[in-house]
Amino acid sequence: MVVSLIATAFWTMLPAYVPNNAAVLAGGGRPIDGGRTWGGRRVLGDGKTWRGTAAGTLVGTLLALGLNAVEPTLSGAVGTDLPTFPVAAGFGLAFGAMLGDIGASFLKRRTGRERGAAFPGLDQLDFVVGALVLAYVAAPEWFAATFTLPVLAVVIVMTPILHVVTNVAAYTLGFKNEPW
Ligand code: CTP
Ligand code: MG
């Protein structure tokens, strides 16, 4: 069923979707690169901070544990057996999402883009790639059982759409400086 497939994909990626938004709200303070430059440009830039990264990782990991608590109820309501998250899987999804976003900033700076500049494609998928890779590394058996090919396909198609919608909303509500 397409609906249960979409529900499963969305549910499974929630611990990866929420960290970037938590980082936007919690960000600030010392940048990870400490202001250092490479080739005349910042290594990462002021938009990647220790506090934002830690907050995003923590919120995503705790969210996964919270989802475990409501899984039986939700699975019953949706009529699908939604997965639960071992701690390693929740942490992998959350920290991986933050790392993917940090990697994208590294690439943005190397290609001459200032902080906040858009990099279409990369902006929408960087954190998905990071989350999937780290979840695989942290919990390989869980990953193989959970991210079946149909679920992966829905994640790849659905995430850029969700990313655009949430970022435009965050910009409109004044939480973000740019709508991407
Ligand atoms: N943020 C943070 N730490 C992170 C990621 C995000 O503190 N690891 C916060 C920063 O305040 C950042 C905001 O969330 O400005 C928005 O995140 P993002 O759009 O990823 O950063 P940008 O400022 O646009 O910088 P970049 O061009 O490097 O993506
Ligand atoms: Mg940005």
Side-chain angles (χ1 to χ4, degrees), residues 9-67 85 87-139 143 155-180:
F10 181 71
W11 164 274
T12 311
M13 288 301 284
L14 267 177
Y17 289 154
V18 170
N20 287 296
N21 301 296
V24 172
L25 298 179
R30 194 175 148 74
I32 295 170
D33 67 9
R36 277 184 284 275
T37 59
W38 189 27
R41 299 183 184 280
R42 287 288 293 274
V43 177
L44 299 174
D46 284 331
K48 305 297 119 145
T49 67
W50 290 108
R51 196 167 81 203
T53 307
T57 304
L58 189 70
V59 167
T61 306
L62 292 179
L63 174 69
L65 300 180
L67 292 179
F85 303 89
V87 180
F91 175 80
L93 288 170
F95 188 47
M98 299 308 310
L99 284 185
D101 177 60
I102 290 169
S105 290
F106 180 79
L107 289 179
K108 286 190 196 178
R109 303 298 95 84
R110 304 287 75 70
T111 53
R113 290 173 169 80
E114 299 296 335
R115 174 188 180 183
F119 197 149
L122 192 68
D123 278 328
Q124 285 74 36
L125 284 169
D126 52 16
F127 65 103
V128 187
V129 174
L132 293 177
V133 169
L134 228 75
Y136 174 72
V137 171
F143 185 94
V155 166
I156 302 289
V157 173
M158 176 179 67
T159 304
I161 299 168
L162 277 175
H163 188 272
V164 168
V165 171
T166 53
N167 280 287
V168 168
Y171 171 74
T172 308
L173 294 171
F175 292 121
K176 243 179 150 280
N177 295 328
E178 305 89 17
W180 50 76

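Read the numbers this way: they start at 1 and go in the same order the structure lists the ligands and their atoms. Throughout, residue positions are numbered sequentially from 1 according to the sequence presented.
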Engineer: Considering only the protein, which heavy-atom contact is closest to atom 28 (O) of ligand 1, and what is its distance?
Structural biologist: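 The closest one turns out to be Ser105 OG, 2.6 Å.
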
Engineer: Using a 4.0 Å heavy-atom cut-off, which part of Asp101 comes near ligand 1: side chain, backbone, both, or neither?
Structural biologist: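 Side chain only; the backbone of Asp101 stays clear of ligand 1.
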
Engineer: Less than 3.5 Å between some nitrogen or oxygen of Trp180 and one of ligand 1, yes or no?
Structural biologist: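 By distance alone, the answer is no.
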
Engineer: Quick one: does Gly116 get a heavy atom under 4.0 Å from ligand 1?
Structural biologist: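 Yes.
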
Engineer: Heavy-atom distances under 4.0 Å are what count here, so tell me which part of Lys176 touches ligand 1: side chain, backbone, both or neither.
Structural biologist: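 Contact part for Lys176 vs ligand 1: side chain (C-beta onward).
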
Engineer: Atoms of ligand 1 less than 4.0 Å from Gly27 heavy atoms?
Structural biologist: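 Heavy-atom distances to Gly27 below 4.0 Å select 7 (O).
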
Engineer: Which residues pass the side-chain contact (heavy atoms from CB on, under 4.5 Å) test with Phe91, not counting sequence neighbours?
Structural biologist: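 For Phe91, the residues satisfying side-chain contact (heavy atoms from CB on, under 4.5 Å) (neighbours in sequence not counted) are Thr57, Thr61, Phe95.
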
Engineer: Regarding ligand 1, does Asp46 bring an N or O atom to under 3.5 Å of one of the ligand's N or O atoms?
Structural biologist: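 By distance alone, the answer is no.
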
Engineer: Starting from atom 16 (C) of ligand 1, locate the nearest protein heavy atom and write down its residue, its atom name and how far away it is, to 0.1 Å.
Structural biologist: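 Sorting protein heavy atoms by distance from atom 16 (C) of ligand 1 puts Val24 CG2, 3.8 Å first.
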
Engineer: To check your reading of the model: name the closest protein heavy atom to atom 1 (N) of ligand 1, its residue, and the distance in Å.
Structural biologist: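 Going atom by atom, the protein heavy atom closest to atom 1 (N) of ligand 1 ends up being Gly47 O, 3.1 Å.
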
Engineer: With a 4.0 Å heavy-atom cut-off (strictly under), which part of Arg109 contacts ligand 1: side chain, backbone, both or neither?
Structural biologist: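 Arg109 to ligand 1: side-chain contact only, backbone stays beyond 4.0 Å.
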
Engineer: Output all residues satisfying ring pair (Phe, Tyr, Trp, His ring centres under 6.0 Å) with Trp38, sequence neighbours left out; order by chain, then residue number.
Structural biologist: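 So Trp38 forms a ring pair (Phe, Tyr, Trp, His ring centres under 6.0 Å) with Phe106.
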
Engineer: Hey, is Arg42 close enough to Glu114 for a salt bridge, meaning N to O under 4.0 Å?
Structural biologist: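 No, this pair does not count.
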
